[in-house]
Participant: 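Can you keep this structure in mind? I'll have questions shortly.
Proteins come first, then strands; the chains are lettered A, B, ... in the order of their sequence lines, and each starts at number 1.
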Protein chains: 2
Amino acid sequence: MMSDEQANWPQEQCFASFKHCLPVCRESVYSQFFEAFREDIKVKRESAAVKNLKIIFDATFELASKGGFDAMSLRDLSQSTGISMGGLYNYISSKDMLAQMVNDFLSQRLAPLAYSLNLESGSPRQRLATRLRIYIYMGSLFRPWYRFVYMESKSMARQQRDQAKQFDLIDTAKLKELIEEGVAAGEMHCSNSELTASALLALIQDWYLKSWKYKQNETSTDDYANFLVSLMDKLLADNDQQTHDQTGYNDHSGKNNQ
Amino acid sequence: MMSDEQANWPQEQCFASFKHCLPVCRESVYSQFFEAFREDIKVKRESAAVKNLKIIFDATFELASKGGFDAMSLRDLSQSTGISMGGLYNYISSKDMLAQMVNDFLSQRLAPLAYSLNLESGSPRQRLATRLRIYIYMGSLFRPWYRFVYMESKSMARQQRDQAKQFDLIDTAKLKELIEEGVAAGEMHCSNSELTASALLALIQDWYLKSWKYKQNETSTDDYANFLVSLMDKLLADNDQQTHDQTGYNDHSGKNNQ
DNA sequence: GGATAAATAGCGAACGCTCGCTCTTTTTTA
DNA sequence: TAAAAAAGAGCGAGCGTTCGCTATTTATCC
């Protein structure tokens, strides 16, 4: 299946095409991970290191996903991985550092890699759609990483916690900027770009936070990405009917109390 | 301000009106809480109990919001509340039970109270909008409770964890049902009611999960509720332009891989 | 209605246990 | 066989929880 050349992202807007163009995959990620943290990892032989890093971090995602990172003890991790306590400490310098490595690798290596694929050409609408798709596709490829950083950033050091909020604000601002470009170009219509951007980001995050739900109702990655893009189009379409109050009850569009 | 009678929910769709009609408020909630858990709480004098329950649970929300419930020790809680370790155990039977009390009170008392205010009269669109507003308004009134249950359900007992997912599915199903009623009545248009319902729920949850963000950009409760309802109207409007592919790039609406 | 008795609420040191982490020893690798 | 990696017993700190005790409020009696 999908054996023909599909490496023509972002013209071909689907998951398969994106995967072909991304210079990293689920299988190769721990080689890059090892490279990024060479200095912190005591084990020097790459073959053993990459193998065990995969075992350790995959098990961490698994254990942290039920009960949270705090509730996972290193003895649990030792048992799940089959690596002794001493062995684990050849790969991590502390439990906190383990969490920080996930956070740093995702935010400094994986994510930038993907966003660089959002070519700066095309209309605002194209670039916005492409960006939304990148978020969703990356979420599918590295779901455990994204979910871990989202859920566990609060238990990390002050610096990482603030960083997590910063990334949220930056992502929102980037979406907002694209929306406002589209509005300026007359291609989109939006009365509140800030809230619209926030909403799009929330729906992106829902994709990797509620994966159990989307797996259950058999929503594929492309299904969700297509849905999100079409939702974006509806939100930013020109709705001629003004303050319509469609079927009764008041509207209350002004800023009220609280 | 707002001194005139506004207790005409759901005809008057604003936060103030909702608050007037809800038979509980931020101030009175711990009286009902005490009543609900009389048997589990060793302290019998209501005046002392209600006062300290407020102190204990408000402090729990505060401490758990930074670092999580697991990271909060009962010594932290003792220090924050000014109540000794032994004193705390007159109000809770265990740390786990503390979390469970929050979960049970919200899901069995607070939430049902609110949803009963969703009158069964009116068009599907009216009832859907009313329901969305109820979620947002309840999230504003009892944000710490909702956030605690969302964030900490994973560290609760198996039963509560499954329950949290169940409530998510039930809420989604209820929204979906209303959407499909509207579609059947020709009042709405929707090609994927399941995903649309999921999206609406995600945006509801974003309201109490990212309160720091909405406070920062000065989005009021009514602002957000109005935004959400207008978003709903746009999603469910009749979009005449079919599979338009507005400005280039392919559409790919089918279920693809993964 | 003040003194006494009973009931309730609050306190905090101490317990058993598990945690993250270290260190010496053993095994594996090239 | 020398260097690298894995092993796992052991350490002190900090956890949730308990329990004997004191302080405070409420009820009873002359």
Participant: Give each protein N/O atom lying under 3.5 Å from an N/O atom of nucleotides 26-30 of chain C, with the pair distance.
Facilitator:
unit_1: C:dA30; atom_1: OP1; unit_2: A:Arg45; atom_2: NH1; d: 3.4

Participant: Could you tell me whether B:Asn52 contacts a base, only the sugar-phosphate backbone, or nothing, with contacts defined as non-hydrogen atoms closer than 4.0 Å?
Facilitator: sugar-phosphate
Participant: Within a radius of less than 6.0 Å around CD of B:Gln79, do more than 12 heavy atoms belonging to other residues, nucleotides or ligands occur?
Facilitator: no
Participant: Dot-bracket for DNA chain D, 5' to 3', counting Watson-Crick or G-U wobble pairs under 3.5 Å, with [ ] for crossing pairs and | for inter-strand pairs?
Facilitator: ||||||||||||||||||||||||||||||
Participant: Report the residue from B:Asp222, B:Asp223, B:Asn217 that forms a side chain to side chain donor-acceptor pair (under 3.5 Å) with B:Thr219.
Facilitator: B:Asn217
Participant: Holding to ring-ring contact (aromatic ring centres under 6.0 Å, His included), I want the full list of residues that pass it with A:Tyr208, two or more places apart in sequence or in another chain.
Facilitator: A:Tyr146
Participant: To the nearest Å, give me how far apart OH (B:Tyr91) and P (C:dT8) are.
Facilitator: 14 Å
Participant: Expressed in angstrom and rounded to an integer, what is the separation of B:Leu63 atom CG from D:dG16 atom P?
Facilitator: 12 Å
Participant: Is the B:Trp145 ring parallel, tilted or perpendicular to the B:Phe57 ring (thresholds 30°, 60°)?
Facilitator: parallel
Participant: Shortest non-hydrogen contact from A:Leu77 to A:Ala59?
Facilitator: CD1-CB, 3.8 Å
Participant: Is the backbone N or O of B:Asp206 less than 3.5 Å from a side-chain atom of B:Lys213, with the two atoms forming a donor-acceptor pair by type?
Facilitator: no
Participant: May I have the distance from B:Phe34 (atom CZ) to C:dA9 (atom C1'), rounded to whole angstrom?
Facilitator: 13 Å
Participant: What is the distance from CG of A:Leu88 to C1' of C:dC23, rounded to the nearest Å?
Facilitator: 16 Å
Participant: Report the residues that fulfil ring-ring contact (aromatic ring centres under 6.0 Å, His included) with B:Tyr89, sequence neighbours left out, ordered by chain and then residue number.
Facilitator: none
Participant: Testing A:Lys165, A:Gln159, A:Arg158 for side chain to side chain contact (heavy atoms under 4.5 Å, CB included) with A:Asp162, which one passes?
Facilitator: A:Arg158
Participant: Do you know the tightest heavy-atom contact between B:Leu117 and B:Trp9?
Facilitator: O-NE1, 3.4 Å
Participant: What do you reckon, are the aromatic ring centroids of B:Phe34 and B:Tyr30 less than 6.0 Å apart?
Facilitator: no
Participant: Quick one: which protein N/O atoms are closer than 3.5 Å to N/O atoms of nucleotides 10-15 of chain D? Pair and distance per line, please.
Facilitator:
unit_1: D:dG10; atom_1: O6; unit_2: A:Arg75; atom_2: NH2; d: 3.4

Participant: B:Ile92 has an atom CD1; how far is it from atom P of C:dA9, in whole Å?
Facilitator: 16 Å
Participant: State whether the side chain of B:Ser78 and the backbone N or O of B:Ile83 hold a donor-acceptor pair below 3.5 Å, judged by distance alone.
Facilitator: yes
Participant: Would you indicate what A:Ser94 reaches in the nucleic acid, counting non-hydrogen atoms under 4.0 angstrom: base, sugar-phosphate, or nothing?
Facilitator: sugar-phosphate
Participant: Find the distance B:Asp96:CG to D:dT17:C1' and express it as a whole number of Å.
Facilitator: 12 Å
Participant: Find out whether B:Leu228 and B:Arg133 are in side-chain contact, i.e. whether some heavy atom of one side chain is under 4.5 Å from a heavy atom of the other.
Facilitator: no
Participant: When the distance from CD of A:Gln79 to C1' of D:dA7 is rounded to whole Å, what number comes out?
Facilitator: 15 Å
Participant: Listed in order of residue number, which residues of residues 37-44 of chain A have a non-hydrogen atom at under 4.0 Å from DNA chain D?
Facilitator: A:Lys42, A:Val43, A:Lys44
Participant: Does a sphere of radius 6.0 Å around NZ in A:Lys44 hold more than 12 heavy atoms from other residues, nucleotides or ligands, not counting ones at 6.0 Å or beyond?
Facilitator: yes
Participant: Starting from P on D:dT22, measure out to CG on B:Asn90 and report it in whole angstrom.
Facilitator: 17 Å
Participant: With A:Trp207 as reference, evaluate A:Trp212, A:Tyr214, A:Phe227 under the ring-ring contact (aromatic ring centres under 6.0 Å, His included) test and give the passing residue.
Facilitator: A:Tyr214
